[in-house]
*Asks:* 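Have a look at this one before I ask anything.
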Amino acid sequence: MLEYTEKIRETARKLLEEGKVEAFIGYTKGTVPMMNHPVVIRDPGKADILHWDSNCALNLCNYLTKMKGKIGIIANGCNSRNIVTHILENQVSRDQLYIVGIPCKGMVDHRAVKRAAGNREPEEVIEEGDTIVVKGRGFEETIKKKDVMQRNCLVCTHRNPVIYDEMVAPSVEEQKEVDQFKDVQMIEEMTSEKKWNFFTRAISKCIRCYACRNACPLCYCPTCFVDESRPQWVGKSSDPIDTMTFHILRAYHCAGRCTDCGACERVCPVGIPMRQFTKKLNKDALELFSWEAGLTLDQRPALDTYRPNDYNDFVR
Amino acid sequence: MLFTKDDWGKALEELRKSTRILVPVKEGDLHTFQPLAEKGIPDWNYQNTRMSPKALVYPQSERMFEYSLGEGDANAHVLKESSKEYKPQAVVGIRPCDAHAFQIVKLNFDNPEFKDPWWVKRHDSTTFVGLGCNEPCSTCFCTSVGGGPFGKKGLDVILHDLGSRFLATSLTAKGEGFLAGLKGGQKAGEKDIAEAQEMEEWAGQKISGKIPTRQLKDKVVNQLFNAPFWEEVAFSCINCGTCTFLCPTCWCFDIQDEVLGKEGDRIRNWDSCMFPLFTLHGSGHNPRDKKTQRVRQRFMHKLKYYVDKYGNGVQCSGCGRCVRYCPVNIDIRQVCELMNNY
Ligand code: SF4
Ligand code: SF4
Ligand code: SF4
Ligand code: SF4
Ligand code: SF4
């Protein structure tokens with residue numbers, strides 16, 4: 001996806017020069033392999049620091065919350081869906097935005113790359129089309145990108161942005177016939193006890209740093225329930241029950257809104273698979289309401305609308 | 001003392017009967033310090049633990065006091081110190097940056113004016129057996145902040161990994177006691193010591209980057225505070241706890257009461273200057289309610305306030321954890337340079 005970089009720079013420069021936007025949000029290359037750095041640029045002369053590769057897997061929509069003025073932003077499939085959600089939830093308005101669409105070919109899981117390199121330290125990670133070359137002290141490994149792709153990207157069915165003002169390249173083919181919820185089904189088939197054990201184990205290393213919450217554009221409440229101390233909705237210690245409460249509540253707050261962008265999982269410093277919570281709710285939203293978050297501006301999200309004549313009888 | 005790695009393992013196994021031994025253990029993708037046991041198999045080839053070992057002395061959550069709210073209770077509303085354990089423990093294989101970090105935070109927890117009794121007791125019952133770094137990571141900058149891959153600060157014993165053998169050198173009386181308690185091993189020869197020396201030099205050279213910190217102390221606090229770069233530095237920050245919770249030199253805590261029925265606990269938990277609750281006043285006012293202010297606080301504390309207050313360099317041991325794991329790649333090495341050169 002490196003080839004998009006030039007076009008992104010060119011577009012940002014033009015937009016800033018012509019005054020179509022005051023600020024442009026994108027990524028610049030990070031100081032550590034596979035870690036890119038979100039930036040906002042206001043000076044067209046700085047457009048050349050912009051960068052794009054398969055490690056741009058945060059969710060830039062996060063930075064739009066309550067931002068003022070005309071903003072240019074790059075958005076791949078999932079990020080664009082969060083932008084739609086943001087607009088529907090009045091966090092930013094459509095006419096403030098100039099969206100530069102990115103047809104996405106999937107993001108690389110930095111943990112999988114390290115595993116593939118035998119847990120040796122990657123000092124340089126070079127992307128060449130469908131392969132990734134990892135170099136470190138005394139080793140060089142060539143890996144197929146599809147073997148180290150983020151799990152959410154492997155099952156992504158909306159790689160092309162759903163909303164944009166201009167595209168950096170022609171659309172990519174969407175992945176068809178992916179089994180999106182195989183992992184959720186496996187958990188659904190467990191007994192309650194097994195489920196509890198599965199999730200308890202999954203979060204056992206959580207340090208309550210809240211990177212998962214804060215990386216997510218959906219979490220913009222002025223005061224999160226975990227940060228409230230009067231009353232204390234949830235204990236602040238590392239007690240496992242409090243940690244579980246945090247995870248379950250966070251997931252529920254994302255119900256019908258999560259785009260499975262994977263930012264939460266990517267940023268966790270200890271590798272907690274917390275998408276297993278949100279994915280179940282995504283599956284429910286799809287099965288019960290035929291709803292996938294952020295696909296259109298023309299329909300209210302499943303959980304903020306109600307019809308007395310709903311065809312689902314559990315609603316009535 | 002010189003041990004073959006086999007003998008070293010056996011000696012620790014033997015010692016574990018009387019002392020709690022903590023060693024780096026690989027769990028999934030990351031390493032943590034775990035009590036040496038059948039399952040806690042040490043991995044001496046590790047780079048570093050994901051979480052710093054600060055929790056071994058200063059747990060993330062610690063019950064300080066207990067109390068009862070039962071009016072009929074004779075001791076109602078009286079704080080009682082919770083029982084705690086201070087069994088001797090040895091952290092074996094700790095990296096020099098992390099041992100140095102304990103010295104950096106000691107100035108806060110254990111000084112002539114204030115003593116944190118729990119930190120002090122746990123620190124004093126711990127023996128730090130360091131493992132020098134033959135292969136420093138690309139993000140390490142210990143040599144810029146007063147340490148080094150074979151730095152001795154905060155260590156009781158230092159180990160040199162000589163391939164199939166460990167050279168163990170005691171640095172304090174505590175360290176001597178530790179080595180005396182180990183079975184096996186032999187006196188190191190001159191050749192071994194020379195080999196270790198060579199290793200040290202070689203490792204030091206591998207840390208190429210030098211982060212400038214010399215001018216920080218001469219800067220005017222308010223000028224740095226009001227520097228124009230903070231908005232830009234902070235833009236991408238998501239105000240999470242990654243940098244501060246992983247950091248061996250971040251020491252801030254919060255105290256919270258938790259009550260169940262009539263029983264209450266007073267708990268202290270790690271806090272982070274990145275969190276909104278950190279400076280929230282009882283009145284509801286928050287003097288640091290914007291992310292830029294919080295980001296500035298983190299860097300000003302580490303790289304200016306600490307420097308000025310203690311005259312002991314920066315509050316950072318160069319372990320590089322925040323550099324590697326900050327999800328948005330805010331790199332303290334760059335910020336330090338910005339501040340130093342401002
Ligand atoms: S979820 Fe889809 S759009 Fe988002 S990064 Fe992955 S492949 Fe791209
Ligand atoms: S919960 Fe995670 S996957 Fe879902 S939108 Fe938020 S960051 Fe993305
Ligand atoms: S990012 Fe990871 S460690 Fe931090 S709160 Fe979320 S799950 Fe826990
Ligand atoms: S600097 Fe990085 S790790 Fe620290 S709070 Fe900000 S985003 Fe999180
Ligand atoms: S500030 Fe960063 S590099 Fe310095 S001691 Fe803390 S985690 Fe390590």
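Computed from a predicted structure; not experimentally measured. Quick note on labels: first sequence line is chain A, next is B, and so on, each numbered from 1.
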*Asks:* Run Y27(A) and V328(B) through side-chain contact (heavy atoms from CB on, under 4.5 Å) and show every step you take.
*Replies:* CA-CA 10 Å; Y27(A) 289 94; V328(B) 301; over 6 Å; no
*Asks:* Donor-acceptor pair, Q256(B) side chain versus G235(A) backbone, under 3.5 Å?
*Replies:*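 It does not hold such a pair.
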*Asks:* Measure V40(A) against the heavy atoms of chain B and call it side chain, backbone, both or neither at under 4.5 Å.
*Replies:*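 Interface part for V40(A): both.
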*Asks:* Based on non-hydrogen pairs under 4.5 Å, which of G30(A), C268(A), P269(A), A211(A) is most in contact with chain B?
*Replies:*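 Max contact count across the listed options: P269(A).
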*Asks:* Kindly give the heavy-atom pair with the smallest separation between S61(B) and S238(A), and that separation in Å.
*Replies:*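 Heavy atoms only, the tightest pair is OG-N, 2.8 Å.
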*Asks:* With a 4.5 Å heavy-atom cut-off, do I238(B) and Y63(A) have their side chains touching?
*Replies:*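 When only atoms from C-beta onward are counted, Y63(A) and I238(B) do touch, with a gap below 4.5 Å.
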*Asks:* Quick one: what part of N62(A) sits under 4.5 Å from any heavy atom of chain B, side chain, backbone, both or neither?
*Replies:*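 For N62(A), side-chain heavy atoms alone lie under 4.5 Å from chain B.
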*Asks:* Just how far is it from atom OG of S237(A) to atom CD of Q60(B), taken to the nearest 0.5 Å?
*Replies:*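 Going from OG on S237(A) over to CD on Q60(B), the span is 8.5 Å.
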*Asks:* Just checking heavy atoms, which of residues 213-226 of chain A are less than 4.5 Å from chain B?
*Replies:*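 Residues N214(A), A215(A) are the ones that qualify, each having a heavy atom under 4.5 Å from chain B.
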*Asks:* Would you mind checking which part of C326(B) comes under 4.5 Å of any heavy atom in chain A, side chain (CB onward), backbone (N, CA, C, O), both or neither?
*Replies:*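 Looking at C326(B), just its backbone touches chain A.
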*Asks:* Side chains of V267(A) and T242(B): closer than 4.5 Å at any heavy-atom pair?
*Replies:*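 In short, these two side chains do not touch, never coming nearer than 4.5 Å.
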*Asks:* So which of T28(A), D239(A), V270(A), L60(A) has the largest heavy-atom pair count under 4.5 angstrom toward chain B?
*Replies:*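 Among T28(A), D239(A), V270(A), L60(A), the one with the most close pairs to chain B is V270(A).
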*Asks:* Can you tell which part of K26(B) gets under 4.5 Å to a heavy atom of chain A, answering side chain, backbone, both or neither?
*Replies:*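 Looking at K26(B), just its side chain touches chain A.
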*Asks:* Given that the side chain runs from C-beta out, which part of I25(A) has a heavy atom under 4.5 Å from chain B: side chain, backbone, both or neither?
*Replies:*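 Looking at I25(A), just its side chain touches chain B.
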*Asks:* Taking heavy atoms only and a threshold strictly under 4.5 Å, list by residue number the residues of residues 258-274 of chain B that touch chain A; give 'none' if the list is empty.
*Replies:*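 Within residues 258-274 of chain B, the residues that come under 4.5 Å of chain A (heavy atoms only) are E258(B), I267(B), N269(B).
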*Asks:* Does any backbone or side-chain atom of D257(B) lie under 4.5 Å from a heavy atom of chain A? Answer side chain, backbone, both or neither.
*Replies:*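 Just its backbone gets close to chain A.
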*Asks:* Quick one: what part of N36(A) sits under 4.5 Å from any heavy atom of chain B, side chain, backbone, both or neither?
*Replies:*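 When you check distances to chain B, only backbone atoms of N36(A) fall under 4.5 Å.
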*Asks:* Non-hydrogen atoms of chain A under 4.5 Å away: do they reach the side chain of R50(B), the backbone, both or neither?
*Replies:*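 Interface part for R50(B): side chain.
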*Asks:* Who are the side chain to side chain contact (heavy atoms under 4.5 Å, CB included) partners of A202(A), not counting sequence neighbours?
*Replies:*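 Expected list: P273(A).
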*Asks:* Do you know which of K114(A), R111(A), R230(A), K205(A) has the most heavy-atom pairs with chain B at a distance under 4.5 angstrom?
*Replies:*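 Ranked by heavy-atom pairs under 4.5 Å with chain B, first place is K205(A).
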*Asks:* Look at atom CD of E198(B) and say whether more than 12 heavy atoms of other residues, nucleotides or ligands are closer to it than 6.0 Å.
*Replies:*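 Open.
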*Asks:* Measure distances from Y210(A) to the heavy atoms of chain B and classify the residue's part below 4.5 Å as side chain, backbone, both or neither.
*Replies:*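 Contact with chain B is through both the backbone and side chain of Y210(A).
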*Asks:* Partners of Q334(B) by side chain to side chain contact (heavy atoms under 4.5 Å, CB included), sequence neighbours excluded?
*Replies:*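 If we apply the side chain to side chain contact (heavy atoms under 4.5 Å, CB included) test to Q334(B), skipping adjacent residues, the hits are T31(A), D331(B).
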*Asks:* Considering residues, nucleotides and ligands other than K70(A), do more than 12 of their heavy atoms fall under 6.0 Å from its NZ?
*Replies:*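 Count over threshold, so yes.
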*Asks:* Could you measure the distance from the CD atom of Q47(B) to the CZ atom of R120(A)? Nearest 0.5 Å is fine.
*Replies:*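 Between atom CD of Q47(B) and atom CZ of R120(A) there are 11.5 Å.
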*Asks:* Which bit of R137(A) is near chain B, if near means a heavy-atom gap under 4.5 Å: side chain, backbone, both or neither?
*Replies:*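 Contact with chain B involves the side chain of R137(A) alone.
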*Asks:* Could you check which of E123(A), M34(A), E121(A), E228(A) has the highest count of heavy-atom pairs closer than 4.5 Å to chain B?
*Replies:*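 Highest number of pairs under 4.5 Å: E121(A).
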*Asks:* Side chain from CB out, backbone as N, CA, C, O: work out which of these in L58(A) comes under 4.5 Å of a heavy atom of chain B, or both, or neither.
*Replies:*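 The side chain, not the backbone.
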*Asks:* Pick one of side chain, backbone, both or neither for F235(B), based on which atoms fall under 4.5 Å of a heavy atom in chain A.
*Replies:*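 Both backbone and side chain.
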*Asks:* Minimum heavy-atom separation for I207(A) to M51(B), with atom names?
*Replies:*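 Looking at all heavy atoms of both residues, the shortest contact is CG2-CE, 3.7 Å.
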*Asks:* Where do N329(B) and H37(A) come nearest, in terms of heavy atoms and distance?
*Replies:*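 So the minimum-distance heavy-atom pair works out to O-ND1, 3.3 Å.
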*Asks:* Given a strict heavy-atom distance threshold of 4.5 Å, which part of D242(A) is in contact with chain B: side chain, backbone, both, or neither?
*Replies:*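 For D242(A), the side chain is the part near chain B, not the backbone.
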*Asks:* Among C243(B), P327(B), S236(B), who wins on heavy-atom pairs under 4.5 Å with chain A?
*Replies:*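 Most pairs with chain A among the choices: S236(B).
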*Asks:* Tell me whether E81(B) at atom CD has more than 12 heavy atoms from other residues, nucleotides or ligands lying less than 6.0 Å away.
*Replies:*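 More than 12 within 6.0 Å, yes.
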